[in-house]
2 protein chains.
Amino acid sequence: MDTTAGHLTPEAVEAWTAMRTLAMAQRGRMVAVAAEAGLSPPQLFALQALTPGEPAPMSNLAGVLRCDASNVTGLIDRLAARGLVERRPAPHDRRIRHLVLTDAGIALRDRVRERLEEPPDGFAALSPAEARRLRDLLRKVAAAGSPRRA
Amino acid sequence: MDTTAGHLTPEAVEAWTAMRTLAMAQRGRMVAVAAEAGLSPPQLFALQALTPGEPAPMSNLAGVLRCDASNVTGLIDRLAARGLVERRPAPHDRRIRHLVLTDAGIALRDRVRERLEEPPDGFAALSPAEARRLRDLLRKVAAAGSPRRA
DNA sequence: TATTGTTATACTCTATAACTATA
DNA sequence: TATAGTTATAGAGTATAACAATA
């Protein structure tokens, strides 16, 4: 398994470094988008992690956010106080509370997502062909990484 | 200005989305590296933002971290208490305090940096030629974005 | 007994506003 | 007057440990 290519070539390290640099430069924009929406960064992550049609247990959200479950309680308390999320009993296990986005939550989530999806200015320097190659290479990396803990 | 290429093509949006997905999947690793070093994520950022030979004013660090200056005081207090950073008076302006990494600070900074530079598993799926193309495309985006607010 | 979620506690991060000491 | 940094304050994020309800 995994004889497809070399591991950790200098080129791969340099590519990863370039990607980290680019991501770091965008940190401020993410914080700004959150602030525009009246959200803290963790609240923004939580809202993005919830899917409209799919109620999910709180423990699930803790897993996605990579934080302790005790943390999610307060996080959801604040989102629920603003009417963005609701807690609902789960059908077959009364210990579990399902999280459901309200209509207001869905609207805010979509509005935030649109802003986050806008590429940084630098992407305008790419031709369509270059953008396509970049997209395909990134998808290849993501696909190869996800099965085994990326 | 900026007639080099198309703006916000669908390919560019898709490339940016792929990159955000990849970056998000690595968030947990960064937190883990910080924890290994006994640092909080902001403390890790601060340590990485300081350059060994170059003393920098605290306001400078606030700019890089994109947080309020009042925040930097406590952040540096904690790093200084652990002997990683020192405050020194600036030569020509006695209002300014220069931040200097100690030897211990430099050692920890380098150790953390090494871990952060390790590419995620998915990069092993790229051939050297592919990694090089990915690196060059990312650098092109970064270079085009940095002069005007990226 | 094990698991889901909450509470209690303690610490860190964060911004705003008021303050100091310089300039 | 303006700027660099601190302090005071308040709120939010974070993990650990102890707990209730349920399985």
Side-chain angles (χ1 to χ4, degrees), chain A residues 27-50 55-82 84-100, chain B residues 24 27-50 54-82 84-100:
Chain A
R27 218 174 63 97
R29 225 191 61 183
M30 192 269 294
V31 173
V33 169
E36 279 173 30
L39 299 169
S40 67
Q43 285 171 352
L44 180 144
F45 285 140
L47 212 60
Q48 294 302 315
L50 296 174
M58 304 192 60
S59 57
N60 193 350
L61 185 56
V64 174
L65 298 180
R66 295 191 168 266
C67 70
D68 193 84
S70 64
N71 219 326
V72 177
T73 299
L75 199 59
I76 295 302
D77 280 349
R78 286 178 277 273
L79 292 178
R82 291 182 48 188
L84 300 172
V85 187
E86 280 177 8
R87 280 183 248 237
R88 296 212 283 185
H92 292 319
D93 190 334
R94 291 196 305 190
R95 293 173 300 181
I96 296 177
R97 326 244 291 186
H98 273 163
L99 299 177
V100 184
Chain B
M24 197 64 81
R27 216 173 65 96
R29 226 190 62 183
M30 192 271 293
V31 173
V33 169
E36 278 174 29
L39 299 169
S40 67
Q43 286 170 351
L44 180 144
F45 284 140
L47 213 59
Q48 295 301 316
L50 295 174
E54 300 175 9
M58 305 194 59
S59 57
N60 193 347
L61 185 56
V64 173
L65 298 180
R66 296 191 168 266
C67 70
D68 192 85
S70 65
N71 218 327
V72 177
T73 299
L75 199 60
I76 295 301
D77 280 349
R78 287 178 277 274
L79 292 178
R82 291 182 47 187
L84 301 172
V85 188
E86 280 177 8
R87 280 182 249 238
R88 296 211 286 185
H92 292 320
D93 190 333
R94 291 196 306 190
R95 293 173 298 181
I96 296 176
R97 324 248 281 178
H98 274 320
L99 299 177
V100 184

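Letters go in sequence order (proteins before strands), and every chain restarts at 1.
- Between A:Ala37 and A:Arg82 the shortest heavy-atom distance is O-NH2, 3.5 Å.
- Nucleic acid contact class of B:Pro57 (heavy atoms, under 4.0 Å, all strands): sugar-phosphate only.
- Whole-Å rounding puts the A:Leu65 CG to D:dA15 P distance at 10 Å.
- The CG-P distance, from B:Leu39 to D:dT14, rounds to 17 Å in whole Å.
- When atom types are taken as modelled, the side chain of A:Gln43 and the backbone of A:Ser40 share a donor-acceptor pair closer than 3.5 angstrom.
- A side-chain donor-acceptor contact under 3.5 Å links A:Arg27 to the backbone of B:Leu65.
- OP1 or OP2 of D:dG13 lies within a sub-4.0 Å distance of a side-chain N or O belonging to A:Arg78.
- Protein chain B contacts DNA chain C over a range whose 5' and 3' limits, counting nucleotides with an atom under 4.0 angstrom from a non-hydrogen atom, are C:dT12 to C:dA23.
- Rounding to whole angstrom units, CG of residue A:Asn71 and C1' of D:dT14 are separated by 5 Å.
- Distance, B:Leu75 CG to D:dT7 C1': 16 Å, rounded to whole Å.
- If A:Arg94 and A:Ala69 are placed on DNA chain D by their nearest nucleotide, the residue sitting closer to the 5' end is A:Ala69.
- Between B:Asp68 atom CG and D:dA4 atom C1' there is a gap of 12 Å when expressed in whole angstrom units.
- When rounded to the nearest whole Å, the span between CG of A:Leu47 and C1' of D:dG13 equals 17 Å.
- D:dA12 atom C1' lies 14 Å from atom CD1 of A:Ile76, rounded to whole Å.
- Look at CZ on A:Arg97: it is 17 Å from P on D:dA20, rounded to the nearest Å.
- Base engagement by B:Ser70 is indicated by at least one non-hydrogen atom pair under 4.0 Å involving a base atom.
- Among all heavy-atom pairs drawn from A:Pro91 and A:His98, the shortest one is CD-CE1, 4.0 Å.
- Here the CG-CG distance, from B:Asn60 to B:Leu99, works out to 9.0 Å after rounding to the nearest 0.5 Å.
- Looking at B:Arg87, its side chain never comes within 3.5 Å of a backbone N or O of B:Ala80 through a donor-acceptor pair.
- Along DNA chain C, the nucleotide closest to A:Arg87 and the one closest to A:Arg95 are compared, and the more 5′ of them pairs with A:Arg95.
- Residues B:Ala69 and B:Ala62 come closest through the heavy atom pair CA-CB, 4.0 Å.
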